[in-house]
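Quantities reported herein were computed from a predicted structural model and do not represent experimental measurements. Convention: sequence-line order gives letters A, B, ...; per-chain numbering from 1.
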Amino acid sequence: MMITRVFSNLIYVASMILFLIGFYAVALRPNLIKKIIGINIMETSIFLFLIGIGNRKGGAAPLIVDGVKNYVNPLPQAVVLMALVVGVGTTALALILAVKLFEREEEEQL
Amino acid sequence: MTSLTVLLVLALITLAIIIVSSRDMLAAVIFFSAYGLVMALVWQQLGAPMLALAEIVIESGIISVLFVVAVFRTSKDDAE
Amino acid sequence: MRKLGSFLFLTLIGLFLLLTVLEMPIMGDPANPSNTVTTPRYISEGARETNCKNLVSAIMLNYRSYDTMGEMVAIFTVLAAALAILGREKAKRGLSPLKVEPSPLIKITMVIYIPFFIVFACYVAINGCYSVGGGFQGGVILASVIIIFALIFGFDEAVKKFPASKRVFFEGLAVLYFMLLGLMSLFVGGNFLNLNLFGSPVRKLFTLGLEIGIGLTSGITIASLFYILKKVERE
Amino acid sequence: MDFHLILTSLIIAIPFLGAGITYWFGHKLKTAWDYLPFLFSLTTLILTSILFFGGSGGHVIIKYPFLPFSKVELSINSLNVLLAFLTALVWTAAMLFSVSYMKKSVKRRRFYVFMLLAFSANLGVFLAGNFLTLFIFFELLGLSAYPLIVHNESIEAFEAGTKYLIMVFLGDLALLLGILFYYKIAGSVAFATGLSGGSDYFKVITFALMGIGFGVKAGVVPLHIWLPDAHPVSPSPASALLSGIMIKAGAYGIIRSLFSIFGPEIRSIDVGFVVIWVGVVTMFVAVFMALLQENAKKMLAYHSISQMGYIVLGIGCAIYLGGKGALAIGGSLYHIVNHALFKTSLFLTVGAVFYRTGEFNMYKLGGLLKKMPIIAFCTIIASLGISGIPLFNGYVSKTLIHQAVTHLGHGGWVSLAEILFLIISGGTIASFIKLFALIFLGKLPEKYESVKDAPPFMIAGILPLTALVIILGILPNRFWGTFMIPLLKNLGYKTLSLNSVSIINILTGHDIQSLIISLFVGILIFAMGTKYDLFHMRFPCWFGVNYWFEQLTMGLYFLTHREVHLPEIMVAGPGTEAVKEGSISGIYARTEVHRLSFFVISLKRRIKYSYLKSKAVLTEKINYIIGKLRKGFLAKLYQDLSASKTGIEFELYVQDLNFGMFLVLFLLVICFISFRLIG
């Protein structure tokens with residue numbers, strides 16, 4: 001029972017594991033860029049989770065074709081699409097901050 | 001849930017562990033790009049080709065390039 | 001000790017998350033709340049109401065266009081923040097990640113290919129309503145083309161081709177353009193960004209315009225962020 | 001999981017996996033290693049022959065529904081299987097040859113790996129079931145041929161490789177567009193026998209794009225420029241396969257696209273006319289250039305182009321004649337088989353001569369007949385085959401194509417084409433008289449007194465091919481009836497038009513007459529050439545496509561440079577012979593002028609300069625990356641790739657290869673996305 005449930009909800013489980021891995025990187029890795037990579041992994045894992053929620057068995061991509069009735073849920077996809085692009089922006093901003101911080105430290109050492 | 005999805009998911013987790021545990025930043029970034037590609041394939045399997053397209057371009061294209069630039073800017077042996 | 005504690009904490013969170021996830025309904029079940037509450041309406045009526053075969057685009061451009069606008073403002077804010085932190089390209093010399101000159105093959109091939117890439121980006125952006133793709137994807141592809149150009153032909157060349165003066169103009173314009181298009185619907189007596197009041201052909205044009213606006217905003221912003229990251233001031 | 005699916009998948013997978021095994025484990029087996037790649041190709045040959053002889057000639061489509069890309073499918077039909085069998089046969093022979101030939105070479109692991117990869121890709125091209133699969137394998141083929149071309153790592157090899165890749169990427173772009181257009185018209189990517197929808201105009205554009213894409217590989221004349229550079233610089237077994245089989249992938253693509261778009265039974269006079277003249281011009285230009293060569297391999301490469309011209313001419317006749325064109329296309333396919341056999345054996349014999357003497361220049365060789373009798377025998381058989389002498393296979397297919405040309409009509413341009421055809425046949429005969437006479441007859445240079453005949457493995461590789469040259473020449477009707485008729489049926493010809501060609505007659509009075517004319521012309525050309533020293537005639541550099549290609553690519557190269565900073569190395573220093581000689585480019589290089597002036601600097605010098613500069617400028621950055629990669633996951637690959645003596649050139653080689661991989665990946669992504677987009 002448990003096993004079948006884990007298997008059928010594999011995407012959820014996987015997304016949580018990925019989230020934990022990302023969280024580990026954010027919490028325990030000293031390197032700033034590693035932390036940012038961790039944030040990105042967490043982000044994608046949540047996207048995966050959302051897409052998994054919107055999934056429907058045997059559903060086609062939400063692109064209306066005549067004669068097909070079964071589609072996956074388009075709403076999470078729209079949300080994720082927006083979040084993806086915002087994700088680039090935040091990642092870039094974080095990286096810029098990291099670079100600036102690094103250079104400031106370098107300056108202080110000199 | 002096809003067997004291919006299971007395989008891809010396992011690959012995702014392995015890649016994530018490699019990324020996090022790697023000591024080499026550049027290798028981590030390259031693996032992160034590969035991670036994005038696999039993730040796009042998973043999304044394609046789950047019925048989201050639009051997102052897969054965006055993910056391929058963003059994750060393994062733009063973000064990787066940004067990371068590479070940042071890694072080069074922050075690495076110590078960058079001195080000319 | 002601290003590491004051990006963190007590990008314990010992580011495991012705790014992990015267990016909690018896993019337990020939560022296992023309580024979720026079976027994935028892909030048609031009886032799930034996510035598949036029963038709002039979705040049937042989107043799927044059955046969306047294409048007719050919005051003239052968009054691609055439901056994701058339909059939601060983004062029509063049902064949730066307000067959110068989209070907010071999101072565009074968000075990435076614009078990111079750009080503004082980046083500019084505020086680092087300033088605009090003050091450094092004289094750019095720092096290229098690869099010091100080696102790309103081989104002639106790469107340059108020649110890319111000169112041939114880049115126009116086609118741009119056409120592909122526009123195609124993806126414009127056909128967002130009828131196929132896989134949309135403004136975001138097209139814009140991001142466009143940005144990646146600009147980044148590829150900068151990487152291959154050198155950053156100085158890229159700055160010459162897309163000078164700051166042009167980019168500043170477009171950066172401001174793109175978001176404004178989206179909002180102005182939204183304002184248009186006020187003139188026919190509707191709400192902000194409500195395209196339903198227009199007739200079918202006009203609405204198609206407006207949808208196209210919105211797609212282009214989204215593409216411009218995301219593409220230019222991302223490309224600019226790359227430029228900023230590349231040319232941080234450095235003593 | 002049926003029998004055909006497993007068999008066909010294995011045929012493509014064994015060389016592919018074999019490449020991996022050779023790569024990872026090969027060097028651990030010390031002595032047995034050299035034979036490992038040969039064993040893989042032999043296994044593939046056995047499997048392919050099961051498919052070839054055991055198959056009933058039916059039409060089986062093999063799908064892979066459990067893969068994510070469900071559009072990938074293979075097909076088994078008489079045409080595919082014949083070409084796949086031919087590929088496996090010739091490849092195995094060349095692999096056997098290279099067991100001896102490559103023993104001296106340093107980096108033979110890399111050679112074998114890419115040899116096997118190209119083998120797999122080539123089989124995939126021939127066994128593909130639709131255009132998408134064809135495109136994927138075509139990309140893989142184009143990319144895996146590059147390391148074979150630059151294997152020697154000389155400047156010439158890099159130049160040829162760069163030129164090759166530029167042309168291949170151009171072709172890929174055209175091919176991709178063509179396939180997308182095809183999908184737009186047909187609604188699927190499957191092979192068809194004539195499309196019903198779509199305007200004629202659109203169809204012609206589609207065919208033109210696909211023709212450019214496949215024509216680059218096939219070496220059709222305005223697109224052939226990479227071929228005479230690339231084929232001679234690669235090691236002999238590789239160039240034999242490049243000329244023998246890989247360009248056939250292009251020809252096969254042209255045939256498939258043409259018959260899928262226009263259909264076999266419908267006359268398309270305008271398209272046919274253009275294709276015929278492309279073929280004739282290809283034949284003529286290439287034979288003309290071949291006569292002027294000194295390097296034996298270069299001459300053979302030009303002859304490959306010219307023989308491709310025959311094939312294209314046959315295809316053009318078929319589409320011009322419509323329903324009556326079965327003879328022409330049959331002749332073309334027959335010629336594909338024949339050309340693979342004799343051109344491979346010619347390249348291998350020349351390679352064997354090189355193995356013993358270290359010389360490709362025909363004028364410096366001579367009198368080897370007594371020293372290498374078996375190789376001389378093989379050469380003469382293959383030369384008779386390619387010259388179109390009766391009782392050898394080339395005669396059959398050339399006569400069939402000639403008969404098709406005579407069916408086109410009377411007078412006007414047809415007569416001109418026929419006259420050109422005879423002259424070209426004469427030219428071929430003359431140049432092979434020249435080849436044989438210069439290498440094997442005449443006076444033996446003193447330093448070759450101790451030359452022995454080729455090692456047994458080489459002879460074992462060449463002899464089966466020459467035997468087939470004779471067999472296909474003696475029993476043409478047997479071959480025609482058994483293999484060609486079902487094949488034509490598969491292409492879409494109806495029984496009615498097939499009945500008229502069920503038996504071929506290749507010894508009519510007209511054929512004999514034209515044979516005598518060709519022989520006479522050939523001997524005349526040879527006699528005139530030797531008497532008046534015409535074979536050393538040279539033309540000004542702007543006379544030819546190559547020059548303009550270099551100018552164009554240079555233009556593109558400098559298009560992105562707003563201000564050109566003159567590199568010191570060009571003003572004075574290594575790689576600037578022109579400066580010292582005081583030629584035009586030297587004068588331009590001294591004065592800082594507009595970028596357009598750089599058009600006069602040739603691609604060759606530019607590439608040379610680029611390599612030199614990268615040698616000079618190469619900073620820690622690239623070393624840093626490569627060092628990282630060496631330590632990491634890709635360690636072994638990069639170590640093997642860059643464990644070269646020449647060193648720095650290699651970094652660029654890796655760069656080019658990586659770029660190629662990424663570009664192909666990108667194209668495939670676009671391809672997959674677009675098939676969803678268009679629908």
Side-chain angles (χ1 to χ4, degrees), chain B residues 1-6 8-10 12-13 16-17 19-21 23-30 32-33 36-37 39-80, chain C residues 10 26-28 53-60 82 86 91 93-99 117 120-121 124-125 127-129 131-152 155 214-215 218-219 221-223 225-234:
Chain B
M1 182 65 50
T2 58
S3 51
L4 186 84
T5 320
V6 177
L8 287 176
V9 162
L10 289 182
L12 266 184
I13 295 173
I17 292 173
I19 292 165
V20 170
S21 59
R23 299 235 159 251
D24 186 348
M25 286 316 295
L26 201 68
V29 171
I30 289 165
F32 186 64
S33 165
L37 271 179
M39 188 60 102
L41 278 181
V42 175
W43 292 359
Q44 158 83 28
Q45 292 300 103
L46 291 176
M50 300 102 182
L51 296 183
L53 170 57
E55 170 77 4
I56 285 176
V57 183
I58 288 178
E59 203 84 352
S60 45
I62 288 169
I63 290 191
S64 304
V65 171
L66 293 181
F67 270 123
V68 168
V69 175
V71 166
F72 274 114
R73 292 194 63 102
T74 54
S75 53
K76 287 271 197 264
D77 49 1
D78 190 28
E80 278 131 75
Chain C
L10 268 180
I26 298 286
M27 196 184 98
K53 281 186 177 168
N54 184 348
L55 291 178
V56 177
S57 288
I59 290 174
M60 269 177 33
L86 288 172
R93 79 201 145 87
L95 204 71
S96 157
L98 292 179
K99 266 296 166 58
F117 286 166
F120 181 67
V124 168
N127 273 0
C129 253
S131 59
V132 177
F136 277 127
Q137 286 96 327
V140 173
I141 292 175
L142 199 65
S144 68
V145 170
I146 294 172
I147 291 176
I148 287 172
F149 186 90
L151 285 180
I152 287 175
F155 189 61
I214 296 175
S218 52
T221 311
I222 290 169
L225 280 172
F226 169 75
Y227 274 53
I228 294 166
L229 184 63
K230 194 86 182 300
K231 265 208 171 176
V232 185
E233 191 177 4
R234 185 164 170 156

Going by atom type alone, with no hydrogens or angles, which donor-acceptor pairs under 3.5 Å involve a side-chain atom of residues 50-66 of chain B and a protein atom two or more places apart or on another chain?
{"from": "B:S60", "atom 1": "OG", "to": "B:I56", "atom 2": "O", "distance (Å)": "2.7"}
{"from": "B:S64", "atom 1": "OG", "to": "B:E59", "atom 2": "O", "distance (Å)": "3.1"}

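Of the two parts of C:V140, the backbone and the side chain both hold a non-hydrogen atom closer than 4.5 Å to a non-hydrogen atom of chain B. C:I222 touches chain B through its side chain: at least one heavy atom from C-beta onward sits under 4.5 Å away, while N, CA, C and O do not. Both the backbone and the side chain of C:F226 have a heavy atom closer than 4.5 Å to some heavy atom of chain B.
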